[in-house]
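Values in this document were obtained by computation on a predicted structure and should not be read as measured data.
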Amino acid sequence: MQAVLLTRGENGVPHAALTDLPESELMEGEVTLRVTHSGVNYKDGLAVTGLAPVVRRWPMVPGIDLAGVVEVSTDARFAPGDAVILNGWGVGETHLGGWAERARVKADWLLPQPAGFTPAQAMAIGTAGYTAMLTVLALEDHGLEPARGKVVVTGAAGGVGSVAIALLARRGWHVVASTGRPGEAAYLKELGAAEVIDRAELSAPGKPLQKERWAAAIDAVGSHTLANLLAGCRYGGAVAACGLAGGLDLPTSVAPFILRGVALLGIDSVMAPIPRRQRAWQRLAEDLDPATLARATTEIGLDGAIEATRQVVEGKLRGRTVVRVG
Ligand code: NDP
């Protein structure tokens with residue numbers, strides 16, 4: 001089968017190549033799939049470039065998302081011919097991932113292909129889009145709604161940011177998109193942003209408490225950006241933190257928490273339990289306009305996936321990238 005294979009070089013730097021991998025290399029699992037689509041996520045970029053040690057089994061097939069058709073199943077929940085998807089669970093990190101024509105995985109990791117989406121659309125959403133939905137749900141569960149004020153989205157032109165903007169705008173939020181790519185302002189407004197700001201406004205060290213600018217925030221960046229989002233949040237507001245594109249640190253103070261009751265909501269997609277995933281995919285089907293999703297999506301083949309990982313870690317990919325596998 002065709003696969004992108006990641007091996008560990010002598011100096012510890014990963015080496016990625018499109019190769020013919022024997023199916024006997026597939027790992028343990030109850031379900032064997034013919035993979036039709038995968039995607040390019042930031043974590044795939046970290047894995048292939050070696051910028052962070054996300055790969056913990058060598059060799060590895062990257063691809064933390066996959067959509068496919070069941071070929072063999074020893075689990076009663078899935079039968080040959082079923083269309084399924086998988087997001088996270090360590091696939092592409094500790095278990096061979098989606099950038100191969102076949103995958104063998106645990107049945108517990110699979111969801112039936114979500115109603116309302118084709119496999120390509122489900123992968124256009126992918127982990128980034130489903131994480132965007134988890135962040136929106138977290139803000140709503142905190143009691144936040146458009147009447148409370150503006151919402152700011154950082155990393156706006158990336159995968160999480162693009163989908164988050166579309167979802168929030170659809171529910172009536174006034175969305176402020178923060179980006180380092182002013183040339184993408186028209187794209188961000190097409191997705192539903194009401195305002196576009198330069199990410200430099202948020203990325204420098206700032207005061208622990210600042211003018212109250214937004215009721216809610218979705219952050220894909222971390223570091224000073226996340227600290228400034230907290231410092232600029234209105235009384236009783238919340239920031240949903242899901243990413244580290246600008247850094248893993250968080251140089252903040254307790255001031256926003258104890259003086260304004262601001263909440264920091266942590267978002268994890270990788271180990272999220274199945275009911276939360278089902279809720280997110282159901283809401284995506286209700287809220288995500290297919291034409292808007294298409295505007296945010298680029299499709300490539302397996303032969304373009306390695307180059308795309310270099311671009312994703314440099315913040316150069318726009319929106320979401322689907323990998324057509326088989
Ligand atoms: P993308 O690469 O598609 O988007 C990231 C965006 O962040 C870029 O497009 C860019 O947006 C911005 N950015 C990049 N570098 C910097 C920087 N140095 N400083 C400030 N902004 C920067 O990635 P995704 O959207 O897929 O993922 C975003 C983040 O969320 C990643 O850190 C990823 O690991 C994380 N993530 C976490 C998940 C979880 O379960 N918690 C799940 C999915 C993703 P612009 O050009 O508009 O400024």
Side-chain angles (χ1 to χ4, degrees), residues 31 33 35-41 63-70 77-79 81-89 91 98 105 107-142 144-146 151 153 158-173 175 190-193 216 218 220 240 242 265 267-299 319-325:
V31 183
L33 306 161
V35 179
T36 60
H37 299 81
S38 183
V40 180
N41 283 281
I64 66 168
D65 287 329
L66 61 85
V69 179
V70 174
R77 288 168 289 178
F78 299 100
D82 287 352
V84 291
I85 65 160
L86 186 154
N87 304 111
W89 296 114
V91 166
V105 298
D108 285 348
W109 298 343
L110 292 170
L111 284 181
Q113 186 183 301
F117 296 116
T118 65
Q121 285 172 324
M123 291 298 99
I125 295 167
T127 286
Y130 134 72
T131 300
M133 191 72 248
L134 292 177
T135 63
V136 173
L137 291 171
L139 295 174
E140 289 179 359
D141 290 347
H142 194 69
L144 293 168
E145 53 182 11
V151 60
V153 176
V160 173
S162 293
V163 178
I165 291 168
L167 293 171
L168 292 162
R170 181 71 169 235
R171 288 272 162 169
W173 283 90
V175 183
E190 268 176 23
L191 295 182
I218 290 179
C242 72
L265 311 174
I267 305 298
D268 168 63
S269 67
V270 180
M271 304 306 286
I274 292 287
R276 194 173 309 156
R277 291 168 186 258
Q278 286 167 330
R279 183 176 169 219
W281 280 100
Q282 201 174 330
R283 265 291 295 277
L284 283 159
E286 287 168 28
D287 285 9
L288 194 57
D289 172 38
T292 307
L293 179 63
R295 214 167 283 143
T297 305
T298 306
E299 192 169 302
R320 293 282 304 145
T321 302
V322 172
V323 179
R324 209 177 339 93
V325 180

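- Between Gln121 and Leu293 there is a side-chain heavy-atom pair separated by less than 4.5 Å.
- Arg320 contributes a side-chain N or O that, together with a main-chain N or O of Ile125, makes up a donor-acceptor pair within less than 3.5 Å.
- The backbone N or O of Ala132 sits less than 3.5 Å from a side-chain atom of Thr135, completing a donor-acceptor pair.
- Under the rule for a side chain to side chain contact (heavy atoms under 4.5 Å, CB included), the partners of Ala280 that lie at least two apart in sequence or sit in another chain are Tyr130, Met133, Leu134, Leu137.
- Taking Asp82 as the reference, nothing meets the salt bridge (charged side-chain N to carboxylate O under 4.0 Å, His left out) condition, with sequence neighbours excluded.
- Taking 4.5 Å as the limit, every side-chain heavy atom of Leu33 sits out of range of all side-chain heavy atoms of Val69.
- Looking at Val323 and Met123, their side chains never come closer than 4.5 Å, going by heavy atoms from C-beta outward.
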Open item on the list: For a side-chain contact (heavy atoms from CB on, under 4.5 Å) check, start with the C-alpha distance between Val322 and Glu299, then their side-chain angles and the critical distance, and finish with the verdict.
Closed with: CA-CA 5 Å; Val322 172; Glu299 192 169 302; 4.3 Å; yes

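- The shortest distance between side-chain heavy atoms of Leu66 and Ile85 does not fall below 4.5 Å.
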TODO: Test Leu110 against Phe78 for side-chain contact (heavy atoms from CB on, under 4.5 Å), laying out the working first.
DONE: CA-CA 9 Å; Leu110 292 170; Phe78 299 100; 3.6 Å; yes

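- The number of heavy-atom neighbours closer than 6.0 Å to CD of Glu140, taken from other residues, nucleotides and ligands shown, is above 12.
- No option in Thr131, Asp65, Asn41 other than Asp65 meets the side chain to side chain donor-acceptor pair (under 3.5 Å) test with Asn87.
- The salt bridge (charged side-chain N to carboxylate O under 4.0 Å, His left out) search around Arg276 returns none, not counting sequence neighbours.
- At a threshold of 4.5 Å between non-hydrogen side-chain atoms, the residues Leu111 and Gln278 count as touching.
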Task: Working for side-chain contact (heavy atoms from CB on, under 4.5 Å), residues Asp108 and Arg77 - done: CA-CA 9 Å; Asp108 285 348; Arg77 288 168 289 178; 2.7 Å; yes

- [ ] List the steps and the verdict of side-chain contact (heavy atoms from CB on, under 4.5 Å) for Leu86 and Val105.
- [x] CA-CA 9 Å; Leu86 186 154; Val105 298; 3.9 Å; yes

